[in-house]
Amino acid sequence: MISQILDKHFAVIVNFFEADHLENLHCQIQSLYDNDALKKAAIGKHFDEHIKTEIRGDYIQWINESSDITVVQQFFQVINHFVDYLNRTCFMGILHKEFHYAVYPKGRFYKRHLDTFDNDQRRKLSMVLYLNKIWTPKNGGDLVVYTQDYPQERAISVVPKFGRLVIFESSVLEHEVKPVVEGVRLSITGWLKVR
Ligand SMILES: O=C(O)CCC(=O)C(=O)O
Ligand SMILES: [Fe+2]
């Protein structure tokens, strides 16, 4: 997996989280959505930040390690273990992380973009964990990652199936979320950061 990230800047992993943990995370995000607890996502950083539904239409809620919700604590235990591993074996120097729940209702998308900002390059790895119980290509909402294969880029589509974890280099790979055709697309998205 690590060699895939280093070679191709990109990896798709299953079984990173245990089945009952995924189940609990699914219930948590579903109930937040059902209770209208998520906010429209913005674009940019600080003074640049604004909401633009024509670029990005998801609803989010940031989560953090000091949460008193057990499933969230467990989530960060797995992430911390992974960060330790990356820092020990690949000397990645990851010091910080940020994660949020994300929900894309029908018709919503996120146009092609990079996860780093002009005024902030600290994001090293992007991670997306999909939490849709039933999802087929007909539901839409594919993640499309644009690889930089010379001489022509390649578009790789990932169907956001339950339990899949996508990891890619934040400053290297442009990507987009295709419009959701049917259903509600649930995920946790986050970044491992240096400094
Ligand atoms: O949900 C996904 O598949 C990707 C989301 C994304 O690109 C982002 O939030 O920056
Ligand atoms: Fe992104």
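Both counts, for ligands and for their atoms, begin at 1 and track the order of listing. Just so you know, residue 1 is the first one in the sequence shown, and it goes up from there.
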query = Do any nitrogen or oxygen atoms of D115 come within less than 3.5 Å of a nitrogen or oxygen of ligand 1?
reply =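 Min N/O separation from ligand 1 is below 3.5 Å for D115.
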Ligand 1 to H113 polar contact by distance, N or O atoms, under 3.5 Å =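 It does: an N or O of H113 is found under 3.5 Å from an N or O of ligand 1.
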ask   = Can K111 and E176 be counted as an ion pair, charged N to O under 4.0 angstrom?
value =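 No, this pair does not count.
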ask   = So does R108 pair up with E54, basic N to acidic O under 4.0 Å?
value = no
message = Measuring from atom 8 (C) of ligand 1, which candidate in Y110, F168, F109, Y130 has the nearest non-hydrogen atom?
response = Y110
Considering only heavy atoms of [X], which atoms of ligand 1 have at least one such atom less than 4.0 Å away?
X    : answer
L143 : 3 (O), 4 (C)
W191 : 10 (O)
T189 : 9 (O)

query = So if you build clusters from Ile, Leu, Val, Met, Phe, Trp, Tyr with side-chain heavy-atom gaps below 4.5 Å, do F109 and V128 land together?
reply = no
query = Is W191 linked to V145 within one hydrophobic cluster, defined over Ile, Leu, Val, Met, Phe, Trp and Tyr using a side-chain heavy-atom separation of less than 4.5 Å?
reply = no
message = Tell me which N, O or S atom from D115 is the closest to the Fe ion (ligand 2).
response =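 It is OD1, the N, O or S atom of D115 closest to the Fe ion (ligand 2).
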request  = Taking the Fe ion (ligand 2) as the reference point, name the nearest N/O/S atom of H113.
outcome  =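 That would be atom NE2.
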request  = Could you check atom 1 (O) of ligand 1 against the protein and tell me its nearest heavy-atom contact, residue, atom and distance included?
outcome  = R185 NH1, 2.8 Å
query = Nearest to atom 4 (C) of ligand 1, what protein heavy atom do you find, and at what distance?
reply = V177 CG2, 3.6 Å
key: Aromatic plane relationship, F17 with H21 - under 30° parallel, 30 to 60° tilted, over 60° perpendicular   = perpendicular
inquiry  = If you apply the rule ring-ring contact (aromatic ring centres under 6.0 Å, His included), what do you find for Y104 with Y110, and how did you get there?
reply    = CA-CA 9 Å; Y104 291 75; Y110 194 158; 7.1 Å; no
ask   = So is R154 actually on top of Y146's ring, under 6.0 Å and inside 45° of the axis?
value =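 The answer is no; the distance or angle limit is not met.
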